[in-house]
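Quick notes on the structure that follows.
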Amino acid sequence: MTGTGAAGGTEPERCARCGRLVGTARARNQAGGVKVLAVMRRWPEGPICSGCFANAMEIYGICDGCGTDRLLPGIGPDGQRWCTDCGGGLGDYTCTRCGREGWREHAGICGWCVLRDQVDELLDDGTGRVRVELTPLAALIVSMKRPRSGIRWLTRPGPCGILRALARGEVPLTHEGVHSLPPLKSSIYIRDLMVTAGILPPVDKFMFLFEQWWPAWLDTITDPEHRATLRLFLTWHYLRVFRAKIAARGELGYGLPQLARARLRLTAAFLNDLASRGRTLAETTQADLDRLFAQSSPHQRNALRPFLRWAMNTRRMPQLDLPPQQERPVTLVTQRQRIQLIRRIHDGDGMELTDRVLALLVLLYAQPLARIQQLTVTDIATGDDGHLHIRLGDPPTPVPAPFDQVIRQHVTARRNQMTAANTTSPWLFPGRASGQPMHTTSLRLRLHNLGIPNLTNRSRAIREMLRQAPPIIIAGMLGYSATGAEKIAAEYGTHWQHYVGLDRQPRRPPRLTE
């Protein structure tokens, strides 16, 4: 798409908003290897690059000039948000079909109308209309805030094939039916959308995926005896534990099934190693275990312990001695390094709001990623004192200035809310999957890219806070267990057993003597 009045010279210019080099096709060809973006529009403020133009086409609100609620692509000299009328010379972006202002995908046609045409064609049941059961899914896809993302998504063969198969009734409208359609990644995403739209009943996503995985994995085990043993172990250990977790917490989460998959593969390798030496599980000797633990890494040894204990308790292998499990010492960054990282977050040069808030929760409040993942926008609130508080435990924890402004800005501009997956997501860190928060692996990768180790900084943060207040207070405010906080304080050499409050009164008045 080319803009009205685009630059006609061959010399690159600077985008009036982001400062990146822009120019016509001729200027880009003669740039000599320098990256030059296309000029999308030439507005009164100057040339506008493709990225800034796309962002301007997604800003809606109350115009600072006329007070109307509409598209606000213009920016005034003092940062005002202006509509096309108040900005002057910005152009007309009203759809000729629906009358809505926004990104026009085709000549005169907005992205939402183009997206609706795509959805209607893919979900056609053969009668020229969208299949009745899938109308909530069609409405959810069309309602996304950034239609061009949906248009690109629906040009891929994977989502298109799945939606067509659902519309034509090739598979039943069940979790198992959708899951059977390839490719797996697209079927999982569409199945989550159908749950959000109310077409499918909600289920624990990670439990469902694990239950779909393990029967196919067991079929790859060639030894019938090994397959039977692994099936029993998986059923009476992992599935039982998973269902208890769901009953207690309401959800399983990502980590436990992933850990179970890795441990089951190592267990199968252990059984194959025994078979290669001419032994069955019932014939395992202490020498076999000693050799196994001597040749394995600490991770592999810990992964095999649940199976070995289960096999001994169920008398499927002799009672043998397992070496004691060694705890790895906690590695700490220095307090000086932690303060330097906090200053980096405060300055925020080139850092996204998501990364800054995530790092603050680790560096200031020692929060584990699994707990950060579950925070919602309702956990951020302004207290009676007018200060921002975040609910990590009881009572809520105050957020000091200037970091309170960083969190407020993040709440109003969260990521992953422009597609159909999370348009009304309550999560503080919305993920790409429908109704799901951002993955802990993604959170950990973001910290890694910032050069902020998660565990070492979290360990330093909790120890520094335990030096300033009793463990029972810190544990309540941060959501830690009191026992764990007491243990960390004792290991760190901080003792509050004889802590005396300032308002404590003496037990009896002193005696007066003549």
Euclidean distance, Gln212 CD relative to Glu176 CD, rounded to 0.5 Å: 5.5 Å

Distance in Å, Leu478 CG paired with Leu466 CG, rounded so as to fall on 0.5 Å steps: 8.5 Å

Name of the residue among Val362, Leu450, Leu363 meeting side-chain contact (heavy atoms from CB on, under 4.5 Å) with Leu341: Leu363

Non-neighbouring partners of Tyr480 that pass ring pair (Phe, Tyr, Trp, His ring centres under 6.0 Å), sequence neighbours left out: none

CG on Leu72 to CD1 on Ile62, rounded to 0.5 Å: 8.0 Å

Atom pair OG1 (Thr96) and CZ (Arg104), whose distance is rounded to the nearest 0.5 Å: 7.5 Å

NZ/NE/NH1/NH2 to OD/OE distance under 4.0 Å, Glu121 and Arg116: no

Atom of Ile151, atom of Gly111 and distance for their closest heavy-atom approach: CD1-O, 3.7 Å

Nearest heavy-atom neighbours spanning Ala303 and Leu266: CB-CD1, 3.5 Å

Heavy-atom donor-acceptor pair, Gln367 side chain to Leu392 backbone, under 3.5 Å: no

Contacts of type ring pair (Phe, Tyr, Trp, His ring centres under 6.0 Å), residue Trp427, not counting sequence neighbours: none

Salt bridge present between Asp117 and Arg97 (N-O < 4.0 angstrom): yes

Donor-acceptor side-chain pairing of His439 and Thr441 below 3.5 angstrom: yes

Minimum side-chain heavy-atom gap Pro73-Arg41 below 4.5 Å: no

Ile407 side, atom CD1; His410 side, atom NE2 - distance, nearest 0.5 Å: 8.5 Å

Residues Glu58, Arg148; criterion salt bridge (Lys or Arg N to Asp or Glu O under 4.0 Å); working and verdict: CA-CA 11 Å; Glu58 296 170 352; Arg148 54 196 175 97; 2.9 Å; yes

Expected output: side-chain Asp379 to main-chain Leu375 donor-acceptor under 3.5 Å: no

Min side-chain heavy-atom separation Arg100-Trp112 under 4.5 Å: yes

Ser442 (side chain) donor-acceptor with Met438 (main chain) under 3.5 angstrom: no

Any Leu173 side-chain heavy atom under 4.5 Å of Met194 side chain: yes

Exercise: do Arg70 and Thr84 side chains pair donor with acceptor under 3.5 Å: yes

Residues forming a side-chain hydrogen bond (donor to acceptor under 3.5 Å, both in side chains) with Thr412, sequence neighbours excluded: none

Pairwise distance CG(Leu71) to CG(Asp85) - rounded to 0.5 angstrom: 11.0 Å

Test ring pair (Phe, Tyr, Trp, His ring centres under 6.0 Å) applied to His389 - qualifying residues, sequence neighbours left out: none

Which residues share a salt bridge (charged side-chain N to carboxylate O under 4.0 Å, His left out) with Glu45, sequence neighbours left out: Arg17

Side-chain (Arg415) to main-chain (Leu353) donor-acceptor, under 3.5 angstrom: no

Minimum heavy-atom distance between Pro77 and Trp82, given as atom pair plus value: CD-CH2, 3.6 Å

Ring pair (Phe, Tyr, Trp, His ring centres under 6.0 Å) assessment of Phe53 paired with Trp103: CA-CA 9 Å; Phe53 177 73; Trp103 177 280; 5.8 Å; yes

Closest contact, heavy atoms only, Ile75 versus Gly79: CG2-CA, 4.2 Å

Side-chain donor/acceptor of Arg356 to backbone N/O of Ile345, under 3.5 Å: yes

Heavy-atom pair with the smallest gap, counting every atom of Trp43 and Ala56: CH2-CB, 4.0 Å

Arg20 bridged to Glu13 by N-O distance under 4.0 Å: no

Gln258-Arg261 side chain donor-acceptor pair, cut-off 3.5 Å: yes

Any donor-acceptor pair under 3.5 Å from Arg460 side chain to Val333 backbone: yes

Side-chain donor/acceptor of Gln300 to backbone N/O of Ser297, under 3.5 Å: yes

Modelled atom types, side-chain donor and acceptor of Arg343 and Gln340, under 3.5 Å: no

Results of ring pair (Phe, Tyr, Trp, His ring centres under 6.0 Å) for Trp217 - residues two or more places apart only: Trp213

SB check Arg446 Glu352 (cutoff 4.0 Å): yes

Partner of Val22 by side-chain contact (heavy atoms from CB on, under 4.5 Å), out of Ser50, Cys52, Pro12, Cys15: Cys15

side-chain contact (heavy atoms from CB on, under 4.5 Å) between Leu163 and Leu154, intermediate numbers included: CA-CA 9 Å; Leu163 292 176; Leu154 292 179; 3.7 Å; yes

pair Cys98-Cys110: side-chain heavy atoms closer than 4.5 Å: yes

Parallel, tilted or perpendicular: rings of Tyr189 and Trp153 (30°, 60°): perpendicular

Expected output: side-chain Asp78 to main-chain Gln80 donor-acceptor under 3.5 Å: no

Beyond-backbone contact of Met144 with Leu115, side-chain heavy atoms, under 4.5 angstrom: yes

Pro453 backbone acceptor or donor facing Arg458 side chain under 3.5 Å: no

Derivation of the side-chain hydrogen bond (donor to acceptor under 3.5 Å, both in side chains) call for Arg338 and Gln335: CA-CA 5 Å; Arg338 175 173 171 255; Gln335 176 65 356; 3.2 Å; yes

Carboxylate-amine/guanidinium contact Lys205 Asp192, below 4.0 Å: yes

Presence of salt bridge, Arg408 and Asp404, under 4.0 angstrom: yes

Closest contact, heavy atoms only, Ser425 versus Arg414: O-NH1, 2.9 Å

Polar side-chain atom of Arg131 near backbone of Leu166 as donor-acceptor pair, under 3.5 Å: yes

Between Arg191 and His179, a side-chain donor and acceptor under 3.5 Å: no

